[in-house]
Amino acid sequence: MKNFTLLILFIVLISSCKENTAKKQQYKQDTTSYVNPFIGTGGHGHTYPGATVPFGMLQVSPDNGISSWDWCSGYHYTDSIVAGFSHLHLSGTGIGDLADILFMPTNKQVDLTINTKNRDSLAYKSTYSHTNENASPGYYQVFLETPKINVELTSSLRTAYHKYTFSENDKQSVVVDLGFAINWDMPQKTAITIDDEYTISGYRFSKGWAKNQKVFFVAKFSKPISEHLLIADGKQVEGNSTEAEKVASQLFFDRKNSNELLVKVAVSSVSIKNAKENLDAGDFNFEKVKTAANTLWNTASSKIEVETPVDSLKTIFYTALYHSQIAPVTYSDKNGQFRKENDSIVTAKNYTAYSTLSLWDTFRAENPLLTFLAPEKVSDMVNSMLAYYETKKILPVWTLYANETNTMTGYHSIPVIIDAYKKGIKGFDAEKAYEAMKQTMMQDERGLNFYKEYGYIPYNLLDESVTITLEYAFDDWCVAQIAKDLGKEDDYKYFLNRSKGYQYLFDSKTGFMRGKSEDGKSWNEPFDPKHSNHREQTDYTEGNAWQHSWFVPQDVEDFISLHGSNDIFTNRLEQLFTESSEITGDNISADISGLIGQYAHGNEPSHHIAYMFNKANKPWRTQYWVRHILNTQYNVTPNGLSGNEDCGQMSAWYVFSSIGFYPMNPASGEYEIGSPLFEKSTIKLSEGKTFVIEAENVSNTNFYIQSATLDGKEFNQTSISHQQILKGGILHFVMGSVPNKKWGLTKSNMD
């Protein structure tokens, strides 16, 4: 009997071990369970909670119908009214565009002839509550309180799916409003056609931030359309088709057999024909598509796995991984065609064309992160930039639906291309890329004429002169790197020399980069380093001298020497974080947010700064401030981002910094070591290899690096290369509560 009891206990123990192993494996695979798409939908985060897949063509999401800066994505968490669900959205930008092709279910006939100047006059709007709203990667659900309809949304790469569940015996109807617009967007020409009893199609041409945006669409319903109304510019029209500046339609469906109505929608920049080809074939299996979307996100968010006992940190991390893979978005159709800015139609051969290139933001960390998360897509993004160059003979600045918005400063497609080139990513023509970069930096637009003439941009000749000069200098350094590799020695020397243009603007007396006049001597006076004037009559872009005086990532050692010594440099750097957070001026940029002293984490120009202590023999101060930023600028609430998400950049900073390193110079192929937040982080590389970062004893108080080893050998440096990481291995840190001021100080970087 005793032996029998022991046998039973042994079997239970083995079963329990198997169950625990299965649970552990399930935990490791189900990273999407930690993602909260509502993070960033409050404050100035400007994210949306709706459904998309990694780099998807469609972003089907709710629109509150408000035209205001905090509603740039169409949605803000403070709201409780929904106008409908449109199919294109911007993730976390400060730009009010898109929200194209609005669908809204309702249970009654509504008056679409009203000239709606704001959402108050929308006959089909509804209230909702966050208690009846849910979102997860690739899925969104909300209960519309006014018509009592449950709405569910999901998406594949090129098709959005809607599922509407109506109340018993209610009228089943859907409004399609192509005249709906928020913020800067204005419809110019729209059309709807009832193709057959299950299908509608049309287009929406609009003018906004994208001056010439053309969206063609098709929608297929699971039930036949029993009746329809067409409205053109406020008047009801007969027939099955209409075209006007603002077109809308109300469609009615038979409520017999089911309370559910399903819809699938596809779009194209080229034609209705292409939209129909983009539409997923087959039935309306909503759950199947939802599961597939979740699987795609689970794969994407498992590229880096972190281990920590703190669930809130997992939520922040995996949501950041999610946000960093929403944009750029797929732009070319299934057949490869896409529309260019000059309205020509071209075909992407052997690559996918991408839109929504927020390069001023994403070149800093988002694009470098994608070389780990989606290296197979990076060359496609480069080819998308080169396709733009073929038309304009200039590389893009900030493109949206093939439109160059020319928003922000510099030409930061250049560092993105250099980053891909240096990391050995294939699939684009390096010679062609070099031609595009050189041609871009040698033309005269956007202040380059002044930059070439003076070596810097005089403040009296162009606004934002300091920021533009510093960023052109960095772009020049990038061009020099590829020129050297391609054996173009004269070009290398020319661009390398020009990349030192920052030296003209450094004022050694104040320690700031300042506006200088064309005489080469006179500073812009009076000078207040805390002063901000948003985008006009200013030397700095969306910031002030405190925030913009540190952008010399290409040659930090020389930058330190301009200050006079490591100590002078680090004292000024320390003051950046400890100075009062007062911002002066009558037109302060709203983008200055997430302030720690004068450091503004809510806007991208500050993102590399904390890592500069590494280059001045004080890596423990990098460790201190990076951990402080991680702890104070991100949380799990809708206000969990301290500034615009900006197409993944805010999240990419967190992803990199939380696992322990960051691309301070995002075109160098090198990463600066910070302070790892997790006990263990595993980056999944190609060919089954992994790179593991371990942080022994890490905690809220143990954030200083005491020692480190790489594959068991002493590691005593503050940077690591991309190529070292790609080899795979284990980087092991021992953490403590007091700084080890000797770690990371090698002979090569000591005074």
Side-chain angles (χ1 to χ4, degrees), residues 35-52 59-86 88-99 102 104 116-122 124-137 139-147 149-153 180-185 312 315-316 319-320 322-323 326 534 588-595 600-603 632-647 650-651:
V35 176
N36 179 4
F38 289 108
I39 292 177
T41 59
H44 302 317
H46 296 173
T47 62
Y48 60 80
T52 189
Q59 312 86 40
V60 57
S61 189
D63 294 305
N64 297 132
I66 288 282
S67 291
S68 182
W69 190 57
D70 276 334
W71 279 258
C72 282
S73 74
Y75 177 98
H76 197 265
Y77 198 79
T78 58
D79 216 322
S80 59
I81 292 175
V82 63
F85 307 90
S86 63
L88 300 177
H89 292 87
L90 287 165
S91 178
T93 70
I95 303 301
D97 207 333
L98 301 187
L102 184 90
M104 182 63 166
T116 56
K117 295 182 178 179
N118 54 55
R119 76 173 182 184
D120 293 340
S121 54
L122 288 175
Y124 49 78
K125 68 181 184 295
S126 174
T127 57
Y128 69 98
S129 168
H130 295 309
T131 58
N132 289 315
E133 181 186 35
N134 292 285
S136 59
Y139 176 73
Y140 174 83
Q141 174 273 326
V142 68
F143 181 74
L144 303 179
E145 294 176 340
T146 309
I149 300 169
N150 192 57
V151 174
E152 296 175 83
L153 309 172
F180 174 82
I182 54 173
N183 289 305
W184 307 347
D185 176 71
S312 61
T315 295
I316 297 170
T319 303
Y322 165 77
H323 279 143
I326 286 177
H534 185 65
I588 296 170
S589 177
D591 296 279
I592 303 175
S593 61
L595 285 167
H601 192 71
N603 208 16
T632 62
Q633 301 300 302
Y634 298 85
N635 62 62
V636 298
T637 73
N639 295 336
L641 298 173
S642 60
N644 295 348
E645 168 60 21
D646 281 320
C647 294
M650 194 69 64
S651 289

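Residue indices begin at 1 and follow the sequence shown. Because only heavy atoms are used, hydrogens play no part in the values below, and waters and symmetry mates are left out as well, while side chains stay in.
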Intermediate values then yes/no, side chain to side chain contact (heavy atoms under 4.5 Å, CB included), Ile326 and Ser91:
CA-CA 7 Å; Ile326 286 177; Ser91 178; 3.9 Å; yes
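- Taking 4.5 Å as the limit, every side-chain heavy atom of Ser80 sits out of range of all side-chain heavy atoms of Thr127.
- Between Leu98 and Leu88, the closest heavy-atom pair is CB-O, 3.4 Å.
- Minimum heavy-atom separation, Lys125 to Asp120: NZ-O, 3.1 Å.
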Might you work through the side chain to side chain contact (heavy atoms under 4.5 Å, CB included) test for Val151 and Leu144, ending with a clear yes or no?
CA-CA 7 Å; Val151 174; Leu144 303 179; 3.7 Å; yes
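- The aromatic rings of Tyr634 and His601 sit perpendicular to each other, their planes meeting at more than 60°, with 30° as the lower class boundary.
- Between Asn183 and Ser67, the closest side-chain pair of non-hydrogen atoms falls below 4.5 Å.
- Contact detail for Gln141 and Tyr139: the closest heavy-atom pair is CB-OH, 3.3 Å.
- Taken to the nearest 0.5 Å, the CG atom of Asn644 stands 11.0 Å off from the CG atom of Leu90.
- Here the two rings, on Phe38 and Tyr77, have centers that are under 6.0 Å apart.
- Put simply, the side chain of Phe143 does not reach to within 4.5 Å of the side chain of Glu133, judged on heavy atoms.
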His323 vs Thr47, test: side chain to side chain contact (heavy atoms under 4.5 Å, CB included). Steps then yes/no.
CA-CA 9 Å; His323 279 143; Thr47 62; 3.9 Å; yes
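- Residues Ser642 and Gln633 bring a donor and an acceptor atom of their side chains to less than 3.5 Å of each other.
- Side-chain contact between Arg119 and Asn64 is present, with at least one heavy-atom pair separated by less than 4.5 Å.
- Between Pro49 and Ala135, the shortest heavy-atom contact is O-CB, 3.5 Å.
- Taking both residues in full, the closest heavy atoms of Asp646 and Thr93 are given as OD1-CA, 3.6 Å, listed atom of the first, atom of the second, then distance.
- The two residues Glu645 and Leu641 make their nearest non-hydrogen contact at OE1-CD1, 3.3 Å.
- Between the side chains of Thr637 and Asn639, not a single donor N or O lies within less than 3.5 Å of an accepting N or O.
- Atom-to-atom distance recorded for Ile66:CD1 and Cys72:SG is 12.5 Å, nearest 0.5 angstrom.
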I'd like to know whether Leu102 forms a side chain to side chain contact (heavy atoms under 4.5 Å, CB included) with Asp63, so could you lay out the CA-CA distance, the side-chain angles of the two residues, the decisive distance to 0.1 Å, and finally the verdict.
CA-CA 9 Å; Leu102 184 90; Asp63 294 305; 3.7 Å; yes
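- Here the side chains of Met104 and Ser126 are in contact, with some heavy-atom distance below 4.5 Å.
- The closest side-chain heavy-atom distance from His46 to Asp70 is below 4.5 Å.
- Each of Trp71, Tyr140, Tyr48 was compared with His89 under the ring-ring contact (aromatic ring centres under 6.0 Å, His included) criterion, and only Tyr48 meets it.
- Thr319 contributes a side-chain N or O that, together with a main-chain N or O of Asn36, makes up a donor-acceptor pair within less than 3.5 Å.
- Checking side-chain atoms of Thr116 against main-chain N and O of Asn118 turns up no donor-acceptor pair under 3.5 Å.
- In this structure, the separation between OG on Ser61 and OH on Tyr75 is 8.0 Å, given to the nearest 0.5 Å.
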